[in-house]
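See structure below.
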Amino acid sequence: MTVVGPFGLSVRDQALEADVQAGLAAVEEGLLDATKSEVPFITKAAQHLVHAGGKRFRPLLVMLSAQFGDPYAPGVVPSAVVVELTHLATLYHDDVMDEAEVRRGVDSANSRWGNSVAVLTGDFLFARASHILADLGPEAVRIQAEAFERLVTGQILETAGPRDGRDPVEHYLDVLGGKTGSLVAVACRFGAMMSGADETVVDVLTQYGERLGVAFQLADDVLDIASDSHESGKTPGTDLREGVPTLPVLRLRERMERLGLPEDITLCELLDSDLTDDARHAEALARLRVHPALEQARRDTVRFAEDARSALAPLPECGAKAALTELCDAVVHRAG
């Protein structure tokens, strides 16, 4: 039994393990090649987060999904590179919007080189992803374009907030379906599609990816409150400081509206204050870490992970299905 991929995923099938390891190694080479430029500074900036590591969650899903067809098909590795480049590009842009100082345990690109360089580097990665995508055919281009539209729409909806009368939690889950679920779904879809898997299998894996992606982001929401920077690789409470309402905060506000408890009201007032103040920010984090709203967010994470697991039911029993199922467990474990 060898540990591969994110969260210490264990693969018990030796042939599958070899395929996954070889695929991820090829993706890593592809990422380095795709982020090279004739301009040394661009290469340095573009490879900043590549060298910082990361879970390579999406490429892993491409490799596992490809097991339902021909995992050695020529489009599998390039499609995984496309998905990871797109994800990396969004991280550069996210850090600018969030004014984040740390990403994957290193200085964020915007804190090291400024917002303009970070945004333009993200654009450079999008361009390189599109260049690779063009060789994968018009259907792949269409799928990626639709996912990217959903991703951007999700980001805009998060910024705009829920319309009047819309349940904030439902709105937020829709945002996550666009921001995170869409690209994770594409990872699974590309892996299956590029391997030549049956269309019904492609559909099943796409649904699984969408649900797992939301669960993955909900686990991130919990970690943003519950973890320290060493564990998460990011500054804890970044969204909290910026006033971005993640699920634990939304569950707190929902509980305040429903029960009207004084302690919930005072915590919401604290969250509405200026959390750029370090003392207030630390107090808000400490109080949220022991609040029932955080446990409710954990339960929501488990629910979406179980939905992802259920989506896999039609697939034949095999090592890849077992690994995809274990990823659902890993996401839940990650959320505590």
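Atoms considered below: every heavy atom in the structure, side chains included; atoms not considered: hydrogens, waters and symmetry mates.
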For the side chain of [X] and the backbone of [Y], is there at least one donor-acceptor N/O pair under 3.5 Å apart?
X: Ser195; Y: Pro71; result: no
X: Arg241; Y: Thr276; result: yes
X: Arg298; Y: Ala335; result: yes
X: Gln47; Y: Leu32; result: yes
X: Arg150; Y: Gly177; result: yes
X: His291; Y: Pro248; result: no
X: Asp224; Y: Gly237; result: yes
X: Tyr208; Y: Cys188; result: no
X: Arg58; Y: Ala187; result: no

Under a 4.0 Å threshold between the charged nitrogen and the carboxylate oxygen, would [Y] count as salt-bridged to [X]?
X: Arg287; Y: Asp264; value: no
X: Arg251; Y: Asp221; value: no
X: Glu306; Y: Arg303; value: no

Going only through I, L, V, M, F, W and Y residues with side-chain contacts under 4.5 Å, is there a path from [X] to [Y]?
X: Phe216; Y: Val222; value: no
X: Ile132; Y: Phe190; value: yes
X: Met194; Y: Phe68; value: yes
X: Ile225; Y: Val175; value: no
X: Ile42; Y: Tyr92; value: yes

Side chain to side chain, [X] and [Y], heavy atoms closer than 4.5 Å:
X: Leu315; Y: Leu205; result: yes
X: Asp220; Y: Thr180; result: no
X: Asp174; Y: Leu157; result: no
X: Gln217; Y: Val184; result: no

Check side chain to side chain contact (heavy atoms under 4.5 Å, CB included) between Ile156 and all other residues, then give those that pass, not counting sequence neighbours.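 For Ile156, the residues satisfying side chain to side chain contact (heavy atoms under 4.5 Å, CB included) (neighbours in sequence not counted) are Val152.
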
List the residues meeting side chain to side chain contact (heavy atoms under 4.5 Å, CB included) with Thr325, not counting sequence neighbours, and say none if there are none.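 By the side chain to side chain contact (heavy atoms under 4.5 Å, CB included) rule, Thr325 matches Arg309, Leu312, Lys321.
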
Run Glu295 and Arg299 through side-chain contact (heavy atoms from CB on, under 4.5 Å) and show every step you take. CA-CA 6 Å; Glu295 185 55 38; Arg299 290 196 295 271; 3.4 Å; yes

For the CZ atom on Arg258, are there more than 12 heavy atoms of other groups (residues, nucleotides or ligands in this structure) within a distance under 6.0 Å?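 Correct, the count exceeds 12.
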
State whether the number of non-hydrogen atoms from other residues, nucleotides or ligands found under 6.0 Å of Glu149 atom CD is greater than 12.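 No - once you tally the heavy atoms of other residues, nucleotides and ligands closer than 6.0 Å, there are 12 at most.
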
Please step through side chain to side chain donor-acceptor pair (under 3.5 Å) for the pair Asp203 and Gln207, ending with a clear verdict. CA-CA 6 Å; Asp203 290 343; Gln207 292 175 37; over 6 Å; no

Stepwise, does the salt bridge (charged side-chain N to carboxylate O under 4.0 Å, His left out) test hold for Asp307 with Arg211? CA-CA 7 Å; Asp307 285 348; Arg211 297 171 190 179; 5.7 Å; no

Sequence neighbours excluded, every pair satisfying salt bridge (Lys or Arg N to Asp or Glu O under 4.0 Å) that has a member inside residues 20-46: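 Every pair satisfying salt bridge (Lys or Arg N to Asp or Glu O under 4.0 Å) with a residue in residues 20-46: Glu28-Arg56.
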
As a quick check of understanding, evaluate side chain to side chain donor-acceptor pair (under 3.5 Å) for Gln155 and Glu158, giving each step before the final call. CA-CA 5 Å; Gln155 185 66 65; Glu158 180 181 67; 3.0 Å; yes

